[in-house]
There are 2 protein chains.
Amino acid sequence: MTTKTHTERALITLRQRIVSGAYAGGQRLFEVALAEDLNISRTPVRAALSKLAEEGLLDRMKSGGFAVRKFDLRDVTDTIELRGVLEGTAARLAAEMGADPEILAQADDAISQIDKVLSGKTVDMSKYSKYNSIFHDCLARACGSRVLARELTRVTTLPFASPSAFLDDESRATQLLRNLIVANEQHRAILNAIANRQSARAEALTREHARAALQNVEFLTKNEAALREGSAPLAIVSA
Amino acid sequence: MTTKTHTERALITLRQRIVSGAYAGGQRLFEVALAEDLNISRTPVRAALSKLAEEGLLDRMKSGGFAVRKFDLRDVTDTIELRGVLEGTAARLAAEMGADPEILAQADDAISQIDKVLSGKTVDMSKYSKYNSIFHDCLARACGSRVLARELTRVTTLPFASPSAFLDDESRATQLLRNLIVANEQHRAILNAIANRQSARAEALTREHARAALQNVEFLTKNEAALREGSAPLAIVSA
DNA sequence: GATTGACCAAATGTATACATCAATGCAATG
DNA sequence: CATTGCATTGATGTATACATTTGGTCAATC
């Protein structure tokens with residue numbers, strides 16, 4: 001098996017099913033049914049469901065039990081906006097309080113690595129995604145706030161809210177490179193603002209950077225079902 | 001008993017103990033010990049611990065099990081700042097998108113009720129607290145964002161981050177009335193900004209309003225242990 | 001026809017025995 | 001004396017039987 005405990009395996013399996021849209025939003029998940037399905041007892045199923053609720057993928061029902069959380073388009077845009085607000089706050093605080101130079105150096109390196117990835121003939125998306133994640137992780141840590149970092153982690157757990165959520169969009173291959181180049185320039189500007197203690201600028205730039213994801217959502221939803229269904233991050237979204 | 005299930009009672013008991021500082025921050029909570037203590041089996045204890053982790057009062061340990069989340073002063077100020085940011089965002093969105101008139105009316109009523117409470121000879125703090133909560137609840141709902149309302153609920157679950165957290169501070173009875181009067185004028189200004197679709201103003205005012213709580217924290221911590229230990233919202237805070 | 005109440009089925013709540021894992025200490029051994 | 005390795009302890013992980021609650025159906029009654 002991939003991991004040690006039944007709970008962990010159930011968690012991974014169920015999470016995968018949920019984010020891939022295998023369960024309809026609002027659908028209730030029953031312990032017994034899942035236990036039979038996964039060939040384990042109810043106990044690890046409950047444990048997994050509980051953790052998924054903690055991740056925000058399930059809702060607890062008033063009478064007990066769990067249901068798949070329902071996301072509509074408004075929820076998606078709100079969550080991305082929320083990520084922007086939180087990352088923007090992180091950037092602002094980092095600028096105000098002065099960030100750990102080591103973290104800034106790491107962020108700077110991530111930007112350089114992304115430059116390198118984008119300068120090649122073909123773009124290695126997994127590498128881009130990796131360094132993009134590193135940059136955003138630096139942002140979360142740069143303000144030195146455990147609280148803020150924690151909430152950012154929470155929010156970006158949702159499949160469509162991750163900074164790397166829409167990077168696999170192949171329906172616009174030509175535009176993608178442009179977007180990534182622009183995005184990395186935003187990274188540079190954000191880092192520059194933080195390093196120069198320009199807090200308002202850092203916050204505004206970071207919010208704007210998050211809004212790029214909103215454009216992706218907008219594009220995917222305006223171009224109807226075919227595209228949207230092919231987009232993994234939006235598979236969980238209902239209407 | 002107060003409630004139906006053992007889980008719920010355990011949840012309430014443990015939550016109370018945690019926020020009152022009965023357990024040291026970082027202290028691990030063992031299922032067996034708690035089960036014996038509460039005279040129930042491990043199963044409802046686990047369920048309660050899991051929910052407390054969801055509330056952010058416990059941390060899950062990598063190796064399994066739970067520990068009481070440790071809050072220092074920085075965490076407190078960051079969380080209050082975070083609440084300000086989220087409420088500010090709610091106010092901004094409400095102003096931008098136009099809030100439900102019914103909610104605005106309810107918020108307006110809450111402000112009037114607070115006026116009435118403050119105009120009497122003695123201030124009924126439980127009433128103030130009630131209408132203050134109603135106002136802030138309206139704020140969370142006014143933007144029509146389930147996502148944002150949910151996160152606000154999460155954040156304000158922490159004892160020191162609630163909008164009504166420091167209202168029981170009796171060490172400054174004379175200053176308290178002044179503060180509450182100012183706070184309600186802020187309420188009025190926020191509502192006015194939202195109603196007039198002044199989004200930037202609404203956001204700024206709301207952030208500033210939250211910072212009032214920061215002043216309370218500052219006061220309580222500058223005046224040393226005696227006061228701080230008498231302050232329920234800060235009982236959970238370590239250093 | 002609407003309302004009430006009894007019943008039943010299905011789901012969660014609970015207790016508990018047992019399995020497993022991790023840390024610890026101690027003893028045998030090099 | 002250091003090191004290995006086994007036994008012990010104490011913790012979470014798991015299965016499962018049973019209790020309780022809930023939601024719905026259906027029929028009796030007004």
Side-chain angles (χ1 to χ4, degrees), chain A residues 1-18 22-70 150 153 157, chain B residues 1-18 22-70 150 153 157:
Chain A
M1 300 273 193
T2 21
T3 61
K4 261 180 309 195
T5 67
H6 286 165
T7 300
E8 211 170 334
R9 283 192 290 276
L11 178 63
I12 292 169
T13 302
L14 292 177
R15 185 194 290 125
Q16 166 57 24
R17 289 187 188 175
I18 294 168
Y23 299 120
Q27 177 179 343
R28 200 160 159 193
L29 296 185
F30 298 110
E31 293 176 5
V32 274
L34 291 176
E36 281 177 20
D37 185 6
L38 302 172
N39 274 301
I40 57 180
S41 78
R42 282 173 56 205
T43 311
V45 171
R46 286 185 87 153
L49 292 176
S50 178
K51 289 187 180 181
L52 288 168
E54 209 168 317
E55 291 181 15
L57 292 176
L58 297 180
D59 283 326
R60 283 185 194 269
M61 318 215 32
K62 292 146 283 295
S63 56
F66 300 86
V68 179
R69 185 164 163 198
K70 196 171 181 177
R150 186 188 180 106
T153 300
T157 294
Chain B
M1 299 272 193
T2 24
T3 62
K4 265 177 305 202
T5 68
H6 287 166
T7 300
E8 211 169 334
R9 283 192 290 276
L11 178 63
I12 291 170
T13 302
L14 293 177
R15 186 194 290 125
Q16 166 56 23
R17 288 188 188 174
I18 293 169
Y23 300 121
Q27 177 180 344
R28 200 161 159 194
L29 296 185
F30 298 111
E31 293 177 6
V32 274
L34 291 176
E36 281 177 20
D37 185 5
L38 302 173
N39 273 299
I40 55 179
S41 78
R42 282 174 55 206
T43 312
V45 170
R46 286 185 87 153
L49 292 176
S50 177
K51 289 187 179 182
L52 288 168
E54 209 168 317
E55 290 182 14
L57 291 176
L58 297 179
D59 284 325
R60 281 183 195 270
M61 318 212 36
K62 292 146 281 296
S63 56
F66 300 85
V68 179
R69 185 164 162 198
K70 196 172 179 175
R150 187 189 181 104
T153 301
T157 293

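Since we're looking at a predicted model, the values are computed, not measured. Naming convention: chains lettered A, B, ... in sequence-line order (proteins, then strands); numbering from 1 in each chain.
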### Task
May I have the distance from B:E31 (atom CD) to D:dG13 (atom C1'), rounded to whole angstrom?
9 Å
### Task
Kindly say whether A:A35 contributes a backbone atom to a donor-acceptor pair with the side chain of A:R42 at under 3.5 angstrom?
no
Between N or O atoms, less than 3.5 Å apart, protein on one side and nucleotides 22-24 of chain C on the other: list the pairs.
| residue | atom | partner | partner atom | Å |
| --- | --- | --- | --- | --- |
| C:dA22 | OP1 | A:K4 | NZ | 3.1 |

### Query
Is any side-chain nitrogen or oxygen of A:T7 closer than 4.0 Å to OP1 or OP2 of D:dT14?
yes
## Note on the structure
Between B:E55 and B:R15 the two heavy atoms that sit nearest each other are OE2-NH2, 2.6 Å
#### Entry: For atom CZ of A:R9 and atom P of D:dT14, their distance in whole Å
8 Å
### Pairwise side-chain contact, A:I18 with A:L58, heavy-atom cut-off 4.5 Å (strictly under)
yes
### Task
Please assess A:E31 against A:T43 for the test side chain to side chain contact (heavy atoms under 4.5 Å, CB included), listing each intermediate value before the final yes or no.
CA-CA 9 Å; A:E31 293 176 5; A:T43 311; over 6 Å; no
### Secondary-structure string, 5' to 3', Watson-Crick or G-U under 3.5 Å, | for another-strand partners, for DNA chain C
||||||||||||||||||||||||||||||
### Query
Got a second to check how far B:T157's OG1 is from B:L57's CG, nearest 0.5 Å?
8.0 Å
### Query
Rounding to a whole Å, what distance do you find between B:I40:CD1 and D:dA19:P?
19 Å
### Query
Can you tell me if A:Q27 uses its side chain to pair, donor with acceptor, with the backbone of A:A24 under 3.5 Å?
yes
### Summary
In whole angstroms, the gap separating C1' of D:dG10 from CE of B:M61 amounts to 15 Å
### Query
Given atom CG of B:L11 and atom P of C:dT12, what is their separation to the nearest angstrom?
19 Å
### Query
In terms of side-chain heavy atoms of A:R42, which of D:dT16, C:dA15, D:dT12 is nearest?
D:dT16
### Query
Taking for each residue the nucleotide of DNA chain C with the nearest heavy atom, is it A:T43 or A:F66 whose nucleotide lies nearer the 5' end?
A:F66
### Message
Check the phosphate of D:dA15 against A:S41, side-chain N and O only, distance under 4.0 Å to OP1 or OP2. Yes or no?
### Response
yes
### Task
Please determine, for the side chain of A:H6, which listed nucleotide (D:dA15, C:dG13, C:dA15) has the closest atom?
D:dA15
### Separation between CG of A:L11 and CD of A:E54, rounded to the nearest 0.5 Å
10.0 Å
### Task
Specify the separation, in whole Å, of atom CG of B:L29 and atom P of D:dG10.
19 Å
### Query
Looking only at heavy atoms, which two atoms of B:R17 and B:Y23 are closest? And how far apart?
NH1-OH, 2.8 Å
### Query
Where do B:R28 and B:G64 come nearest, in terms of heavy atoms and distance?
NH2-O, 3.5 Å
### Query
From D:dT14, D:dA11, C:dA15, pick the nucleotide closest to the side chain of B:R28?
D:dA11
### Query
Expressed in angstrom and rounded to an integer, what is the separation of A:F30 atom CZ from C:dG13 atom C1'?
16 Å
### Query
In whole angstroms, how far is the P atom of D:dT14 from the CG atom of A:L49?
13 Å
## Note on the structure
Among the nucleotides C:dA15, D:dA11, C:dT12, whichever has the atom closest to the side chain of A:V32 is C:dT12
### Query
Would you say the side chains of A:R60 and A:S50 form a donor-acceptor pair under 3.5 Å?
yes
